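Everything quoted here is computed from the prediction, not taken from an experiment. So that the names make sense, note that chain A is the first sequence line, chain B the second, and so on, each numbered from 1.
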There are 2 protein chains.
Amino acid sequence: MPSKPLPPITMDAVYAAPGYLFRRMQQIAVSIFMEECKAFDLTPVQYAALIAIHTHPGIDATRLSAVIAFDRSTLGSVIERLQSKHFVERKPAPEDKRIKLLYLTKSGAAILREIIPAVERAQARMLAPLKPSERKALMELMTQLVDLNNEVSRVPLRAEDALEHLGKAG
Amino acid sequence: MPSKPLPPITMDAVYAAPGYLFRRMQQIAVSIFMEECKAFDLTPVQYAALIAIHTHPGIDATRLSAVIAFDRSTLGSVIERLQSKHFVERKPAPEDKRIKLLYLTKSGAAILREIIPAVERAQARMLAPLKPSERKALMELMTQLVDLNNEVSRVPLRAEDALEHLGKAG
DNA sequence: GCTAGATCGTCAGTATACTGTCAATCTATA
DNA sequence: TATAGATTGACAGTATACTGACGATCTAGC
């Protein structure tokens, strides 16, 4: 008899795998976000960056990347795009010549206020097919899983630690 | 009194939002996959493509994109990379000059057999922080949600429909 | 048999996402 | 105070991901 009856390879190796479900759901989430927010010409990551800069004015790019769990290398170009749309400005830090501090412009703060209802519609639509109790259960499990897996990917600092030395704007 | 007491904008608008959790979890999932599979130099998408071509030999690129829910435009370069690694070959379809049929090479089939244990380790690690009952609940909710949201993003055909005319290899 | 419309693979363009590297700068220590 | 090591923003390189457009080709309806 065969020593190891290998299971046959089927598409279930893909469809039932957590990795596929996470990729597919991310795809769907971005698609819904872009649909609801197309009037604002902002991507999900740009939105997250605006929220974070609004919450922590004067944050620098490295700490911002930790706060929104976004790769530092890519963040430069994201900030550049926000800057070219005049939603964000960069000022050199007086006490450290390496750092550039990030601030929302007036129109950056304005678009943030305007886009929030659309973002909330998008977030609601992502979970709309589920029953309320299921939505709650899914969000709790995802929050837990993301939290417990937090050290895995390359985010250099945990979000809380990232803000330790940010002066008064914590 | 104010007409509309806007809630203050905090980072919870990001952290508690489904969109953030899906993006972050996708990030973590890819990171774990690459870590477990680094000996094979295959990305998650390339792995899914190999599985699909193995399961449906002679599939064309458009149908493949539907089966693995992957954008048609990008798939060209994915196939190219698989071809340059000699894991996949493309043959012109005799009855339709537009189409190129996809097949695994011997070394493509071999690497698929070899990588599967590593992929299974990766998939297990993604959910490892949860209790078994929670894993099951999360996978059921995610499967349901992806299924019910299936029409949202740009996949041109549902996976089942994509294979209707694929001859005997269904 | 001709042609309007659909489909195929491909390309250009934009935006993530990651690894690795670099010069400029800062900091802690000897 | 000289300097080794760490940090910062920037860049090159690779790989997704999507929109929109294109020529080649196929198919239906006439």
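Nearest-nucleotide assignment on DNA chain D puts the 5′-proximal partner with Lys85(B), out of Lys85(B) and Val30(A). Two residues, Gly76(B) and Thr74(A), neighbour DNA chain C, and the one matched to the more 5' nucleotide by heavy-atom proximity is Gly76(B). Positionally, the nearest nucleotide of DNA chain C for Leu101(B) lies more toward the 5' end than for the other of Leu101(B) and Pro44(A).
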N/O donor-acceptor pairs under 3.5 Å from side chains in residues 9-17 of chain B, not counting sequence neighbours:
| residue | atom | partner | partner atom | Å |
| --- | --- | --- | --- | --- |
| Thr10(B) | OG1 | Asp12(B) | N | 3.2 |
| Tyr15(B) | OH | Val67(A) | O | 2.6 |

I'd like a table of donor-acceptor pairs (distance under 3.5 Å, sequence neighbours excluded) in which one partner is a side-chain atom from residues 125-134 of chain B, with atom names and distances.
| residue | atom | partner | partner atom | Å |
| --- | --- | --- | --- | --- |
| Arg125(B) | NH1 | Glu35(B) | OE2 | 3.4 |
| Arg125(B) | NH1 | Glu36(B) | OE2 | 2.9 |
| Glu134(B) | OE1 | Lys131(B) | N | 2.9 |

Name each donor-acceptor pair under 3.5 Å that joins a side chain in residues 86-93 of chain B to protein atoms two or more places apart or in another chain, with its distance.
| residue | atom | partner | partner atom | Å |
| --- | --- | --- | --- | --- |
| Arg90(B) | NE | Gln83(B) | OE1 | 3.3 |
| Arg90(B) | NH2 | Gln83(B) | OE1 | 3.4 |

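When heavy atoms are screened at a 4.0 angstrom cut-off, Glu80(B) is found touching no nucleic acid atom at all. Contacts of Thr43(B) with the nucleic acid, taken as non-hydrogen atoms under 4.0 Å apart, involve only primed sugar atoms and P, OP1 or OP2.
Near-neighbour residues of DNA chain C inside residues 90-99 of chain A, defined by a heavy atom below 4.0 Å, number-ordered: Asp96(A), Lys97(A), Arg98(A).
Remark: C1' of dT7(C) and CZ of Arg63(B) are 9 Å apart, rounded to the nearest angstrom. A straight line from CG of Asp71(A) to C1' of dA15(D) spans 13 Å, rounded to a whole angstrom.
You'll find a donor-acceptor pair under 3.5 Å spanning the side chain of Ser73(B) and the base of dT19(D), going by distance alone.
Over its full length, the helix from dG1(C)-dC30(D) to dA30(C)-dT1(D) turns its helical axis through 10°, comparing axes from the five pairs at each end and rounding to 10°.
Lys97(A) is linked by a salt bridge (Lys or Arg N to Asp or Glu O under 4.0 Å) to nothing, counting only residues two or more places apart in sequence or in another chain.
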- Task: Determine, stepwise, if the pair Phe33(B) / Tyr47(B) fulfils side chain to side chain contact (heavy atoms under 4.5 Å, CB included).
- Result: CA-CA 10 Å; Phe33(B) 184 103; Tyr47(B) 163 76; 3.8 Å; yes
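Looking only at side-chain heavy atoms (C-beta outward), Ile68(A) and Ser65(A) stay at 4.5 Å or farther from each other.
In this structure, Ser31(B) contributes its side chain and Gln27(B) its backbone to no donor-acceptor pair below 3.5 Å.
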